[in-house]
Amino acid sequence: MNVESVSPDALNVDPLNERNDVEDLTDLTESIKKSGVVEPPIVRRSETGYTVVVGQRRVLAAREAGLDSVPVIVADYDDADALRASISENVDLFRREVSVKDRCEALQEYWRLMGGEGMPSYAHLGHKLGVPSETIRAWLEPLNDAWDETAVSADNREFIDNGE
């Protein structure tokens with residue numbers, strides 16, 4: 001597999017892709033406008049150029065964001081490989097979620113690295129990360145002193161936040 005830079009308009013969704021419906025891409029598009037495509041989609045060569053095996057939402061959001069090119073991983077997949085990759089990508093069982101404590105610590109550190117002091121600004125972090133400020137508020141809510149010694153406390157690593 002190798003990484004190439006390709007126009008998102010030159011990429012077609014693989015007809016074998018497991019995902020047929022694409023939800024609202026607004027948040028993903030905003031994130032891509034801020035940070036670009038962080039995780040390259042996986043594509044395979046076809047008669048018409050490239051087809052997206054994994055990452056169709058990222059490609060569609062990159063188009064909406066107006067990107068001229070996106071990094072893609074070009075894989076030598078046959079139909080079975082492509083479908084297996086598409087299914088595996090969409091199975092939440094394989095994803096390791098982020099603990100509440102880890103997410104809070106990461107946001108606090110990012111805030112500090114940006115020169116912020118005290119409690120992070122939801123709006124500023126949301127703008128920088130390309131996510132709604134309400135999402136940042138929800139992620140940082142466990143830092144509220146009222147949650148100390150509860151399941152919601154940021155000090156409790158056992159509780160997982162799936163980002164929703």
Side-chain angles (χ1 to χ4, degrees), residues 1-6 8 11 13 17-43 52-73 75 84-164:
M1 289 192 244
N2 61 328
V3 177
E4 295 181 17
S5 184
V6 178
L11 299 169
V13 174
N17 194 298
E18 178 190 38
R19 186 186 301 273
N20 291 311
D21 61 326
V22 178
E23 320 85 51
D24 181 26
L25 296 172
T26 304
D27 291 344
L28 182 56
T29 301
E30 288 305 310
S31 176
I32 286 175
K33 283 180 182 177
K34 303 285 182 207
S35 304
V37 175
V38 177
E39 185 177 341
I42 299 174
V43 302
V52 180
V53 175
V54 171
Q56 86 176 36
R57 293 183 72 247
R58 282 171 266 158
V59 169
L60 296 173
R63 285 181 191 163
E64 286 185 25
L67 268 59
D68 293 330
S69 65
V70 295
V72 296
I73 298 172
R84 182 176 51 249
S86 175
I87 292 169
S88 295
E89 168 72 4
N90 293 312
V91 175
D92 287 337
L93 294 173
F94 297 136
R95 295 186 183 165
R96 173 111 166 97
E97 303 297 346
V98 177
S99 75
V100 171
K101 182 171 179 66
D102 289 347
R103 176 162 285 138
C104 287
E105 287 175 352
L107 289 169
Q108 286 177 307
E109 180 63 11
Y110 184 56
W111 177 246
R112 188 191 67 73
L113 290 172
M114 291 187 319
E117 295 179 10
M119 185 67 170
S121 161
Y122 305 150
H124 194 78
L125 280 176
H127 176 74
K128 286 291 193 180
L129 295 170
V131 299
S133 60
E134 279 302 304
T135 300
I136 300 296
R137 186 201 60 74
W139 287 346
L140 290 173
E141 180 63 21
L143 294 177
N144 186 324
D145 290 340
W147 297 115
D148 284 350
E149 299 182 25
T150 71
V152 181
S153 172
D155 290 330
N156 196 336
R157 276 198 198 269
E158 296 168 13
F159 289 89
I160 302 299
D161 183 357
N162 64 10
E164 295 180 5

Review point. Going by an N to O cut-off under 4.0 Å, is there a salt bridge joining E30 and K34?
Key: no
Exercise for review: Report yes if some heavy atom in the side chain of V43 is under 4.5 Å from a heavy atom in the side chain of V6; otherwise report no.
Suggested key: no
Exercise for review: State the NZ-CH2 distance between K128 and W111, to the nearest 0.5 angstrom.
Suggested key: 10.5 Å
Study note, to complete from the structure: Between the CG atom in D27 and the CD1 atom in I32, the distance rounded to the nearest 0.5 Å is 11.5 Å
Check your understanding: In Å and rounded to the nearest 0.5 Å, what is the CG to OG distance from L11 to S69?
Key -> 10.5 Å
Check your understanding: Of the non-hydrogen atoms in V54 and A85, which two are nearest, and what is the gap between them?
Key -> CG2-O, 3.6 Å
Check your understanding: Taking atom CZ of R58 and atom CD1 of I42, what is their separation to the nearest 0.5 Å?
Key -> 8.0 Å
**Study point:** Closest heavy-atom pair and its distance - L25, A61
**Key:** CD1-N, 4.1 Å
Review point. What's the spacing between I136 CD1 and H124 NE2 if we round to 0.5 Å?
Key: 11.0 Å
Review point. So do the side chains of P120 and L125 get within less than 4.5 Å of each other, counting heavy atoms only?
Key: yes
Revision key, fill the gap. Scanning both residues in full, the closest heavy-atom pair of T29 with E64 reads OG1-OE1, 3.4 Å
Review point. What's the shortest heavy-atom distance between V59 and P8, and which atoms?
Key: CG1-O, 3.9 Å
Point to revise | Closest heavy-atom pair and its distance - N2, E4 | key: ND2-OE2, 3.3 Å
Revision key, fill the gap. When rounded to the nearest 0.5 Å, the distance separating CG of D68 from OG of S5 is 9.0 Å
